[in-house]
Novice: 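Pasting a structure here, questions to come.
Fair warning: this is a prediction, and the values are worked out from it, not measured in the lab.
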Amino acid sequence: KPRLGNNFATLQERSYALEWGFPEKQKESIRLRLPPGATGPLPAPVSIESRFGSLTVEISMSGTELTIETTYEQKLDRIEPSDYPEFRAF
């Protein structure tokens, strides 16, 4: 299971709140043109949801074009030290 908190929560514990200043939502779409005849099973969609945020990743293929759609939403603008261990697990 991917852990998003690992990208933002590198300390074991915090004495002060972790602050971003505002909630955030990012969407990204990547399109790759594959060589003719390229085939294979596509990974199942991924969806992770918590009170801290969410992540969805969907991969699709149309002809020789592979598309990866990613959406990340950070729901809170501040993580209190008491919530930090749970955030790290996210």
Novice: Does a side-chain heavy-atom distance below 4.5 Å link Arg14 with Glu80?
Specialist: no

Novice: Flag the pair Glu86 and Arg51 as a salt bridge only when some basic side-chain nitrogen lies within less than 4.0 angstrom of an acidic carboxylate oxygen.
Specialist: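 Between Arg51 and Glu86 there is a salt bridge, with a charged N closer than 4.0 Å to a carboxylate O.
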
Novice: Of all the heavy-atom pairs spanning Ser15 and Pro81, show the shortest one and how long it is.
Specialist: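 Minimum heavy-atom contact is O-CG, 3.6 Å.
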
Novice: Which pairs with one or both residues in residues 33-62 pass ring-ring contact (aromatic ring centres under 6.0 Å, His included), sequence neighbours excluded?
Specialist: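 Qualifying pairs, neighbours excluded: Phe52-Phe87.
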
Novice: Can you tell me how far the OG atom of Ser60 sits from the CG atom of Leu66, to the nearest 0.5 Å?
Specialist: 7.0 Å

Novice: Under the criterion side chain to side chain donor-acceptor pair (under 3.5 Å), I'd like the reasoning laid out for Gln26 against Glu28: C-alpha separation, chi angles, the key distance, then a yes or no.
Specialist: CA-CA 7 Å; Gln26 296 177 2; Glu28 183 177 66; over 6 Å; no

Novice: Set out, in order, the CA-CA distance, both residues' side-chain angles and the distance that settles side chain to side chain contact (heavy atoms under 4.5 Å, CB included) for Thr70 and Lys27, then state yes or no.
Specialist: CA-CA 6 Å; Thr70 304; Lys27 291 185 176 188; over 6 Å; no

Novice: Measuring from Arg31:CZ to Glu65:CD, what's the distance to the nearest 0.5 Å?
Specialist: 5.5 Å

Novice: Ignoring hydrogens, what is the shortest heavy-atom contact between Pro36 and Thr64? Give both atom names and the distance.
Specialist: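 In terms of heavy atoms, the two residues are closest at CA-CG2, 4.1 Å.
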
Novice: Which value, rounded to the nearest 0.5 Å, describes the distance between Leu55 atom CG and Ser50 atom OG?
Specialist: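 The distance works out to 10.5 Å.
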
Novice: Side-chain heavy atoms under 4.5 angstrom apart, residues restricted to Ile, Leu, Val, Met, Phe, Trp, Tyr: same cluster for Ile59 and Ile30?
Specialist: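 In one cluster with Ile59: Ile30, yes.
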
Novice: Which residues satisfy the side chain to side chain donor-acceptor pair (under 3.5 Å) test with Lys75, sequence neighbours excluded?
Specialist: Glu49

Novice: Residues two or more places apart in sequence or in another chain: which of them pass side chain to side chain donor-acceptor pair (under 3.5 Å) with Glu19?
Specialist: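 Expected list: Arg78.
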
Novice: Atom CD of Gln74 and atom NZ of Lys25: how far apart are they, to the nearest 0.5 Å?
Specialist: 13.0 Å

Novice: Stepwise, does the side chain to side chain contact (heavy atoms under 4.5 Å, CB included) test hold for Ser29 with Thr67?
Specialist: CA-CA 7 Å; Ser29 181; Thr67 303; 3.9 Å; yes

Novice: Name the residue from Thr39, Leu32, Leu42 that meets the side-chain contact (heavy atoms from CB on, under 4.5 Å) definition with Met61.
Specialist: Leu42

Novice: Assess the residue pair Val46 and Thr56 against the criterion (side chain to side chain contact (heavy atoms under 4.5 Å, CB included)); give the C-alpha distance rounded to whole Å, side-chain angles, the decisive distance to 0.1 Å, and a yes or no.
Specialist: CA-CA 5 Å; Val46 172; Thr56 58; over 6 Å; no

